[in-house]
Structures are given as structure tokens and as C-alpha cells.
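Remarks on the structure that follows.
As the structure lists them, so they are numbered: ligands from 1, and atoms in each ligand from 1. Atom set for the values below is all heavy atoms of this structure, side chains included, hydrogens, waters and symmetry mates excluded. In what follows, residues are counted from 1 in the order of the sequence shown.
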Amino acid sequence: MNKTTSIVNSICPFCGVGCGIGLTTQHNNVIAVQPLRNHPISQGQLCAKGWNTTFGINPADRVTHPLIKRDGVFHKASWDEALNFVATKLKYYISQYGSHAVGVVSSARATNEDNYAAQKFARAVLKTNNIDHCARICHSPSVAGLKQTLGSGAMTNSVEDVDHADVILVIGADPTENHAILGGRIMRAKLNGAKLIVIDPRVTRLAQVADLHLQINIGSNIALLNGLVNIILQNRWHDADFLLSRCEGLESLEAQVANYPLKDVAKMTGVSEKALIAAAKLYSHAKAAFLAYGMGITQFISGTNNVIAVSNLALVCGQIGRPGTGINPLRGQNNVQGACDMGCLPNVYPDYQSATDTGVIEKFSKAWQTSVATKPGLTSLGMSNQARKGNFHGQLIFGEDPVVTDPDQNKVAAGIRALDLLVVVELSMTETAKLADVVLPAANFAEKEGTFTNCERRVQLVRQAILPPFEAKADWQILAALADKMGMAEQMCWRDSEQIFDEMAALTHSFSGMNYALLDKNYGLQWPCNADHPFGSHCLHQDSFPIGKARLIPVEQTLTAEKPDSQYPFWLTTHRLHYHYGCGSMTRQSPVLERETPDGLLFMHPQDAHDLGLKDHQPVGVKSRRGYLETRIIFSEQVAPGLVSMPYHFKETPSNQLTNDAMDLTTEMPELKACAVSIEALNAERQPEAFTQRYIHYE
Ligand SMILES: Nc1nc2c(c(=O)[nH]1)N[C@H]1C(S)=C(S)[C@@H](COP(=O)(O)OP(=O)(O)OC[C@H]3O[C@@H](n4cnc5c(=O)[nH]c(N)nc54)[C@H](O)[C@@H]3O)O[C@H]1N2
Ligand SMILES: Nc1nc2c(c(=O)[nH]1)N[C@H]1C(S)=C(S)[C@@H](COP(=O)(O)OP(=O)(O)OC[C@H]3O[C@@H](n4cnc5c(=O)[nH]c(N)nc54)[C@H](O)[C@@H]3O)O[C@H]1N2
Ligand code: SF4
Ligand SMILES: [Mo]
């Protein structure tokens, strides 16, 4: 390396583990990445995505200038021109239809400061609570479910607690693929003697090495969890002292789980009675049981109840509130914890202060020196649905690609077409950006300063390594400039991201003890960090819950919205692959990551393939009640016969053509983990047709 290079410490921009990353820069380019040796979570390691960050930083299709679409073609515009265009339209729709006809979707990939600015822009400038982000289709049931049972929806423990557990229970999560450095830690703990239980319909990598793998029938989580609680109570394996002193609601839970006798549960879940008893015994007898869960719990129409059922199990066993033991929703995106904490949800301000509480409304109105939204807001899918009905007119989307990542794709695309104005603020020309009226160039994590909050509530500094290319700006700067055009310059006038952080910290309890200088010193701090917890919090709920006593809430097993029938005989589930991330806009820029995974993939058990007369890698057409796509099958014993699975990263084979948008009533979480499909063989000689060529027509 010559003298012109330097290394800037930052945080990996992909998953919620939040690994420490060093960016080597030269002549305003990031030329290499390296792991940070002393980082408390990654400890000198990175996964394949982390190592390949460089490729995602400056993609070939990077948006470099503001673009306005005229007659179907994008034209370069100045910032002034583009922002005036957007501000004029937003003001017009608000005057014509009211503030509820416009809204913002923020990015869980962007910083806390960007997200704070997004919700402030929605509430103080647009005067609407129509603000949401991808947590909606990710861990919104965790936020809603754990709020009811514990009073807080975040991971109760720290990543390092994996090392202090004698039992690790992973349910509906695939951390060696998706939270790889944490998954590796679970593997290491297992090698060091911890017992591992995996509950998943697929044989994941962790399932292969687990002491117990309960290969559950898809969508039968509540039956299984209620069944485990029933076994535990019947055998007196519960923690009576903990239940008495820290919980309420045991009687009604006990009465209800009695309706889940072992035999019935084995039948409903497809798990043997012996394995159910063994799992109940192992988990309840642990000194410290680290329970981790993911999308296999949340992405169901019963998502919130699934989370409550998980919470019941942990509480009954007293497996919470000590180092090494607790309930850990593995938050997915690098800053999805932060986007929720910052109040990018229609029902809460920063730090989960209720958006309908008059005291909270007054507090923010006073602090921001303007009136704020008072009516309840729409979720992201709610905005899309209202657009299709003609009730929602203008939307700003920061760093999300709903055309690829939201279900169902045809409805989402129709919602976007029904909008009068779509503004997409992006790094690259995503499928969603292609449908926009205005595209604004965003700076990525290497080009701006700010903070990300990882899955264990650790707020970490992201430092600017290079300047943004051409006209790109940080999201918060774009929002501030737009507020100015809308006549609200004072409300959103910040010198730098640090000033935004300080404004946020002063308006919240959980972050009031944090500032950039302290974050810099400590590899970040875990919230709550305030006068009571000046050094942050490694483990939540040690002495009490935010709601006093934790609540045990009985929940019933619910059927999935759709199940296989004669017309659509296979279950389809969707999931992730280690080498690609989200809509693929960053990871698919890396030739190394692309080499690892071809774009069309449908995992199928060899027995099913044999029955259908299909060969390995044969092209197939996959059809659901909502759509159709073409891909290739891959023989896999990871899935049981009757179940096929596919990743959702590939715009050419978008699984959300097929998925069901039936929703969890509490959170509007769609049922991304289960729908019914049919599969037909295509001529082995031809390539599966890439989806975008046939359906979504771009100018
Ligand atoms: N490589 C990579 N890593 C990522 C991401 C990525 O796109 N790529 N995305 C990030 C994001 S946004 C998130 S939210 C996380 C998600 O991380 P995970 O929660 O691990 O996500 P998935 O792979 O979608 O699903 C997890 C598991 O749920 C199982 N499952 C399906 N149905 C059921 C069921 O009925 N019961 C049970 N118990 N399990 C079931 C699936 O088989 C799968 O193994 O990953 C993050 N990390
Ligand atoms: N079928 C199926 N669908 C799913 C899921 C599933 O399991 N199955 N999982 C769901 C889940 S859990 C999630 S979280 C969603 C994720 O869905 P998305 O949030 O749409 O996915 P990402 O790929 O993370 O898209 C983020 C975009 O942000 C851009 N970006 C990155 N950094 C910045 C920044 O600083 N500023 C701005 N403005 N843009 C930035 C990237 O270029 C990228 O295009 O997908 C969901 N969809
Ligand atoms: S585990 Fe997550 S945060 Fe760590 S390097 Fe991999 S993608 Fe990045
Ligand atoms: Mo997610």
C-alpha cells in the first residue's frame, strides 16, 4: 500500500450482526475491506458478504444525479429543479386530498440519523404518520408481540451471551446463512459443549449438527410451542419462583395449553412425541438457554401470536433476564433495529413513544416548533393498498425495493402505477426506481457519517471514508433540502449528523446517555443508555420488566391462509442464501458472490422430482394463485417431500410473484413463509425466461 491509502473504521452495511469493518481508501475509492480485529462482535472475522462490501459500494448502475421522468424517459435534473418538482406536487396533493394521501417509506439500510429525519419529515412537514419501513415484513410481530408480553421488542441479550449459554434454541432462523458471524458463534458454542435445539421445517446447517432437530410442519409453530409449555407444566419443569415473582397470567395459560396434548401436537407438527419431550426437558432444565428466532416465526398471518407463544415458553421456564438466557429476535437489516427505534413506524415516535398519546404529540410539537400529525398512519402495504383504491397519491421511498421484496409483486406494481407521484431515493436503479417519477441519488454508508444499531441494540458509529459521487447526498440532507422547499427549513436545519443524533437523544429516554464521543470510545453502546445505565445495557429485564410483571398470554394455533390442494399441490416457503442480500442490488455486483449462486433456484426433494419426472437443474414453471415464474430446480434434502423453497434475492425469478399477501391482523405482516404452488416441467433445452422481460414493462 502506498501513502495515499488510509483505513477508516466502519460497520458492515448488510445484516444486523453489525460486524466491524475497516475500509481501505485510495483517491476517493474504497479499494479493500478488512475485519476489525478488536471489534466485540466480529472479533476479526467477516462473512462472505462483509468481505465483498467493496463491490456494492459503487455499483455499475449507481444513480449519480437527480432524475425526472418525462414521457417515460429519465432526464438529468439539478437538485433545485428536482426538489422543487417534488415539493410542488406534494403540496398540491396535500391541499387536494389531505396529509393522509402522502407518505414516506424509510430505509433500514440507512443510518439512524437518516431515519430520524424521515419520520420527522413525515410528521412535522407532511403532517402525517404515514411512515414505515421494511420491519413491517420482517420483525414487526416481534415489536408488537414482545411489547405485550415483556414491554420491549428487542433482543434481550447480547451476541456474546451465546458463549454463556448451556442450551441454544434456534427456532425459525437460519443464522449460519443470514447472521453468519453469530451463526459461527453458535457453532463454536456447540463444539464447546452447549446443547443445540433447532426447530425448522428445513434441514439448515445448524439443524445438521443439532442435538435435536424438530423438523416442524410449516406453520405449526404455536401448536409446537404450546405443546412444549404443556409438557413442561405437566412435569413440573417450570420455574415456579420466577413465575410467581415476575409473571402474571399463568392460570389462563395453563388451562389453555392443556388443550395441546402430546399426541395431538405430534400429529399437528409432524414431530415425534419423544423429540417434543426431549426438547421440553433440555430447554427447561438449562442453566442458561439462549433462544433465538427469526422469520420462520414472524412471517405468518399468526406472526404476532407466534412471537407471544415463543415468549410464553421462555417465561414459563424463567429463561430470561440473566446473562446467556433470554428471547432474541435476530433483527435482520444492518439498521432495522435503529429504524424502529427512530420511530419510522406509523404508531410510534422515537423510542416507541405512542404517536396517538396527546402528551407525546405535545412534546414533539413543542420540540420541533410546529404542529405534528395527529391521525393514525398507514403501513407501507397500507399505503400501497390505498393507492390502488385511489386514496393515496404521493410516496417517497428511501432505499427499499418493494417491487422485488414485497408481496404480492403484481399488486405492489399496480399500487405503484396508481400513484400520482413516486420518488425513489436510491444508490442504484432498482426495479422500483425504474417505476419512479423522480429518482434521487443517495450516498451510501461509506460516503456519510452516522450510526447503525445492530441486533443486540448496540449503536455504532459509521464513519465517512470517501466523498459521495457526483450529486449524491445523505438521505437526511435530501430530506432537509426538501423540507426547505416546502417552507419548513428551520425544522430540519442540521449542521451534521451528530446534531441530529443529539436532538434525538434529548427527546428519548433510552438514548439520553449517548453521544458520538462516547460511541467512538466504546465500539458503540447498547440501549438503554441513560442516567440509570450510563454504560449501556448488555442484558435486559434483569430485575423487572418495563411493564412490571411479564404477561403470559394464551394463543391458539391458526391455520396458514393457504395450504396445498389438488390444484396447487406443493407448499412453497421463501428464505435467504448466504451469498446474497435482500433485493441483491449490492451483493449481485460482486462477481465472487454471483459465482456462488445462479439466479434461478427452486429447492426440491429428489423424491418429489422423481415423481414429477424432473431432472436436477431442469427448468420449471412455478405457479401460485397470484402469479407465475420460471426457474430451475435443484435437488435438495434440506426440504421435506411436499415442500419446495426458494430465495427471494433474484429479480429474474422473483418469489414474490408467488407469495401470499394475506396478513397478520395486528401488524399487517404478510405470510411470506407459506403458500401453495404447482410446478410444471419445461423443456430441458430452454433457459427459464427471466421474469422482468415478460411482465413488468419499463420505459
Ligand atoms: N445472506 C443474507 N443474510 C441476511 C439477509 C439476506 O437477504 N441475505 N437478510 C437479513 C434480513 S432482512 C433478515 S430479516 C434476516 C432473516 O434471517 P432468518 O430469520 O434466518 O430468515 P429466513 O431464511 O427467511 O427464514 C428463517 C427460517 O425459517 C424457517 N421456517 C419457515 N417456515 C417455518 C415454520 O413454520 N416454523 C419454523 N420454526 N421455521 C420456519 C425457514 O426454513 C428458514 O430456515 O436475515 C438477514 N441476513
Ligand atoms: N418472499 C420473501 N420476501 C421477503 C422476505 C422473505 O423472507 N421472503 N423478507 C422480507 C424482509 S425480512 C425484508 S427486511 C425485506 C427487505 O426488503 P428491502 O428493504 O427492499 O431490501 P434491500 O435489498 O435491503 O433493499 C434496500 C435498498 O436500499 C438501498 N440502500 C442501501 N443503503 C442505502 C442508504 O443509505 N440510503 C438509501 N436511500 N438507500 C440505501 C439499496 O441499494 C437497496 O436497493 O424483504 C422482505 N421480503
Ligand atoms: S455477519 Fe452480517 S454484519 Fe457480519 S460481515 Fe456478514 S453480513 Fe456483515
Ligand atoms: Mo428483514
(message) Looking at Thr597, is its backbone amide N or carbonyl O close enough to the side chain of Tyr579 to form a donor-acceptor pair, meaning the two atoms are under 3.5 Å apart?
(response) no

(message) Donor-acceptor check, side chain of Gln477 to backbone of Ala474, threshold 3.5 angstrom: yes or no?
(response) yes

(request) Heavy-atom contacts with Lys673 under 4.0 Å: which atoms of ligand 2 show up? List them by number with element. (result) 7 (O)

(request) For atom 15 (C) of ligand 2, find the nearest protein heavy atom and state the residue, atom name and distance (0.1 Å precision). (result) Tyr648 OH, 3.8 Å

(request) Can you pull out the closest protein heavy atom to atom 44 (O) of ligand 2? Residue, atom name and distance to 0.1 Å, please. (result) Glu426 OE2, 2.7 Å

(request) Closest by any non-hydrogen atom to atom 35 (O) of ligand 2: pick that one out of His580, Arg331, Arg62, Lys448. (result) Lys448

(message) Going by the rule side-chain contact (heavy atoms from CB on, under 4.5 Å), which residues pair with Trp51 if we only count those two or more places apart in sequence or in a different chain?
(response) Val33, Pro35, Leu46

(message) Heavy-atom pairs closer than 4.0 Å: do any link ligand 2 to the side chain of Ala135, the backbone, both, or neither?
(response) neither

(message) So if I count the atoms of ligand 3 from 1 in the order they appear, which ones are less than 4.0 Å from some heavy atom of Gly18?
(response) 3 (S)

(request) Look at atom 36 (N) of ligand 2 and say which protein heavy atom is nearest, naming residue and atom and giving the distance to 0.1 Å. (result) Asp475 OD2, 2.8 Å

(message) Give the atom numbers and elements of ligand 2 that come within less than 4.0 Å of a heavy atom of Glu400.
(response) 19 (O), 20 (O), 27 (C)

(message) So which atom in Met187 and which in Thr176 form the shortest heavy-atom distance, rounded to 0.1 Å?
(response) CE-CG2, 4.1 Å

(request) Could you pull out the N/O/S protein atoms under 2.8 Å of atom 6 (Fe) of ligand 3, ignoring any water? (result) Cys47 SG

(request) Answer with yes or no whether Ser655 contacts ligand 2, where contact means a heavy atom under 4.0 Å from a ligand atom. (result) yes

(request) Quick one: look at Ile137 and ligand 2, take heavy-atom pairs under 4.0 Å, and tell me if it's side chain, backbone, both or neither. (result) both

(request) Could you tell me which atoms of ligand 2, counted from 1 in the order shown, lie closer than 4.0 angstrom to a heavy atom of Leu427? (result) 30 (N), 31 (C), 32 (N), 40 (C), 42 (O)

(request) Run the contact test for His575 against ligand 2 with a 4.0 Å cut-off on heavy atoms, strictly below, and give the result. (result) no

(request) Give the residue and atom name of whichever protein heavy atom lies nearest to atom 8 (N) of ligand 2, and the separation in Å to one decimal. (result) Thr574 OG1, 2.9 Å

(message) For atom 6 (C) of ligand 2, tell me which residue out of Glu447, Gln299, Glu431 has the closest non-hydrogen atom.
(response) Gln299

(message) Considering only residues two or more places apart or on different chains, which pairs with a residue in residues 43-58 satisfy salt bridge (charged side-chain N to carboxylate O under 4.0 Å, His left out)?
(response) none

(request) Say whether, by atom type as modelled, one donor and one acceptor occur between the side chain of Gln119 and the main chain of Cys344 under 3.5 angstrom. (result) no

(request) Name all residues meeting the salt bridge (Lys or Arg N to Asp or Glu O under 4.0 Å) criterion together with Glu594; count only those two or more places apart in sequence or in a different chain, and write none if there are none. (result) Arg588

(message) With the threshold set at under 4.0 angstrom, would you say Pro407 reaches ligand 2 through any of its heavy atoms?
(response) no

(message) Measuring from non-hydrogen atoms of His133 to any atom of ligand 2, is the shortest distance under 4.0 Å?
(response) no

(request) May I ask you to list the atoms of ligand 2 that are less than 4.0 angstrom from any heavy atom of Leu672? (result) 1 (N), 2 (C), 3 (N), 4 (C), 5 (C)

(request) Give the contacting part of Ser585 toward ligand 2: side chain, backbone, both or neither, where contact means a heavy-atom distance below 4.0 Å. (result) side chain

(request) Mind checking whether Met295 contacts ligand 2 via backbone (N, CA, C, O), side chain (CB onward), both or neither, at a 4.0 Å heavy-atom cut-off? (result) side chain

(request) For Gln589 and Ser585, indicate whether the former's side chain and the latter's backbone hold a donor-acceptor pair under 3.5 Å. (result) yes

(request) Identify the protein heavy atom lying closest to atom 14 (S) of ligand 2, giving its residue, its atom name and the separation to 0.1 Å. (result) Cys134 SG, 3.5 Å

(message) Give me the residue, atom name and distance of the protein heavy atom closest to atom 32 (N) of ligand 2.
(response) Arg109 CB, 3.6 Å

(request) Ignoring hydrogens, just give me the one of Leu572, Thr405, Ile478, Val404 whose non-hydrogen atom is nearest atom 20 (O) of ligand 2. (result) Thr405

(request) Return yes when Arg576 approaches ligand 2 closer than 4.0 angstrom through a heavy atom, no otherwise. (result) yes

(request) Write down the atom of Leu461, the atom of Ile11, and the distance for their closest heavy-atom approach. (result) O-CG1, 3.6 Å

(request) Would you kindly specify which portion of Asn656 sits under 4.0 Å from ligand 2, judged on non-hydrogen atoms: side chain, backbone, both or neither? (result) side chain

(request) Would you mind checking which non-hydrogen protein atom is closest to atom 28 (O) of ligand 2, with the distance to 0.1 Å? (result) Gly399 O, 3.0 Å

(message) Tell me the protein heavy atom at minimum distance from atom 23 (O) of ligand 2, and give that distance in Å.
(response) Cys583 N, 2.8 Å

